Amino acid sequence: QPIDPADMNVLVAFDRSGLAVATTAVRRLDMTGTTAADELVSMRLIFGEKAEAMREIAEFELTAPSATRISGKISYHGGVWVHPRFRKHGLTRLMPKLNRYMALAQKYVDFEIAMASAALLKPHVAASYSVEASEPYYAYKERGQKIYDGVFNWSSRYWIIATLRNDVVA
């Protein structure tokens, strides 16, 4: 799908001096009639119209079992960047949550998905990042060389709403 600014949230946190100290982004996608697995493995989610040409040099491997069942209105969470001076302040956990709730409030979302480091398979790490499930495995390769790998994270709308309730009460 072409990138439409109306289907994106970009969240930036600034310090008192105006320096950007954290950022994250979410893109909302309509995957009705397809699945997260189909869109990732075909690389349409990553490269859009250029996916077919990119398959000549690249491949996306995905073994996460739930990816074949995730479809409908999806929010795709990009990475989180936090300035090194602010990395011990909880922004890596807070920024995705804020963006998740903004995406939920702005448009109906069936699922959210993200790719992340395999460290999220450790229960104490997964709990702090607040995702419904982290499943192994994804790998992005170019010319046979692994460029990125890790876990496929996902959460259902019902889980997101329950988490929001817990966050508001806490």
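These values consider heavy atoms only, across backbone and side chains, with no hydrogens, waters or symmetry-generated copies. Residues take their numbers from the sequence shown, with the count starting at 1. Remember, it's a predicted structure, so these values are computed and weren't measured experimentally.
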Inset, instruction - Mind listing the closest non-hydrogen atom pair of Leu40 and Phe152 along with its distance? - result: CD1-CE1, 3.9 Å

Inset, instruction - Please check if Val26 and Val80 belong to a single hydrophobic cluster, counting links between Ile, Leu, Val, Met, Phe, Trp and Tyr side chain heavy atoms closer than 4.5 Å. - result: no

Legend entry - Linked, directly or transitively: Val41 and Phe111 (ILVMFWY side chains, under 4.5 Å): yes

Legend entry - Between CE on residue Met54 and CD on residue Glu56, distance to nearest 0.5 Å: 9.5 Å

Inset, instruction - State whether the number of non-hydrogen atoms from other residues, nucleotides or ligands found under 6.0 Å of Tyr148 atom OH is greater than 12. - result: no

Legend entry - Interatomic spacing from OG in Ser71 to CG in Asp30 - rounded to 0.5 Å: 9.5 Å

Legend entry - 4.5 Å side-chain heavy-atom contact, Thr35 and Asp38: yes

Inset, instruction - Using modelled atom types only, decide if a donor and an acceptor are shared between the side chain of Thr24 and the backbone of Gly79 within a distance under 3.5 Å. - result: yes

Inset, instruction - Decide yes or no for Asn9 and Arg28: does some side-chain heavy atom of the first lie under 4.5 Å from some side-chain heavy atom of the second? - result: yes

Inset, instruction - Considering non-hydrogen atoms only, spot the tightest contact between Asn153 and Ser134 and give its length. - result: OD1-OG, 2.5 Å

Inset, instruction - Please lay out, stage by stage, how Ile74 and Ile113 fare under the test side chain to side chain contact (heavy atoms under 4.5 Å, CB included). - result: CA-CA 7 Å; Ile74 307 295; Ile113 61 172; 3.8 Å; yes

Inset, instruction - Report the C-alpha separation of Leu11 and Thr23 in whole Å, then their side-chain angles, then the decisive distance to 0.1 Å, and conclude whether the side chain to side chain contact (heavy atoms under 4.5 Å, CB included) test is met. - result: CA-CA 5 Å; Leu11 184 61; Thr23 186; over 6 Å; no

Legend entry - Arg87 (side chain) donor-acceptor with Val82 (main chain) under 3.5 angstrom: yes

Inset, instruction - Give a yes or no on whether the backbone of Met31 and the side-chain of Thr34 come within a donor-acceptor separation of less than 3.5 Å. - result: no

Inset, instruction - Might you point out which heavy atoms bring Lys141 and Lys146 nearest each other, and give the distance in Å? - result: CG-CA, 3.9 Å

Inset, instruction - Heavy atoms only: give me the nearest Ala58-Met43 pair and the separation to one decimal. - result: O-CE, 3.3 Å

Legend entry - Verify same cluster id: Val131, Leu91 (apolar side-chain graph, 4.5 Å): no

Inset, instruction - Measure the CE-OG distance between Met102 and Ser75 for me, rounded to the nearest 0.5 Å. - result: 11.5 Å

Inset, instruction - Take Tyr140 and Met115, measure what side chain to side chain contact (heavy atoms under 4.5 Å, CB included) needs, and give me the verdict at the end. - result: CA-CA 11 Å; Tyr140 172 74; Met115 305 315 132; over 6 Å; no

Legend entry - Joint cluster assignment, Ile147 & Leu45, ILVMFWY side-chain distance < 4.5 Å: yes

Legend entry - Closest approach of Leu62 to Ala67 (non-hydrogen atoms, all atoms of both residues): CD2-CB, 3.5 Å

Legend entry - Common cluster, Val21/Leu94, ILVMFWY with side-chain heavy-atom separation under 4.5 Å: yes

Legend entry - ring-ring contact (aromatic ring centres under 6.0 Å, His included) pairs, two or more places apart, involving residues 34-86: Phe60-Tyr138, Phe86-His89

Legend entry - Minimal non-hydrogen separation, Ser42 against Glu39, with atom names: OG-O, 3.3 Å

Legend entry - Asp149 side, atom CG; Ser117 side, atom OG - distance, nearest 0.5 Å: 8.5 Å

Inset, instruction - Applying side chain to side chain contact (heavy atoms under 4.5 Å, CB included), run through Glu112 and Ser156 and close with a yes or a no. - result: CA-CA 7 Å; Glu112 68 176 14; Ser156 67; over 6 Å; no

Inset, instruction - Please indicate whether Glu52 has more than 12 foreign heavy atoms, meaning atoms of other residues, nucleotides or ligands, lying under 6.0 Å from its CD. - result: no

Inset, instruction - Look at Asp7 together with Arg27 and state whether they make a salt bridge at an N to O cut-off of under 4.0 Å. - result: no

Legend entry - Min side-chain heavy-atom separation Leu19-Arg85 under 4.5 Å: yes

Legend entry - Side chain Thr63, main chain Tyr137, donor-acceptor under 3.5 Å: yes

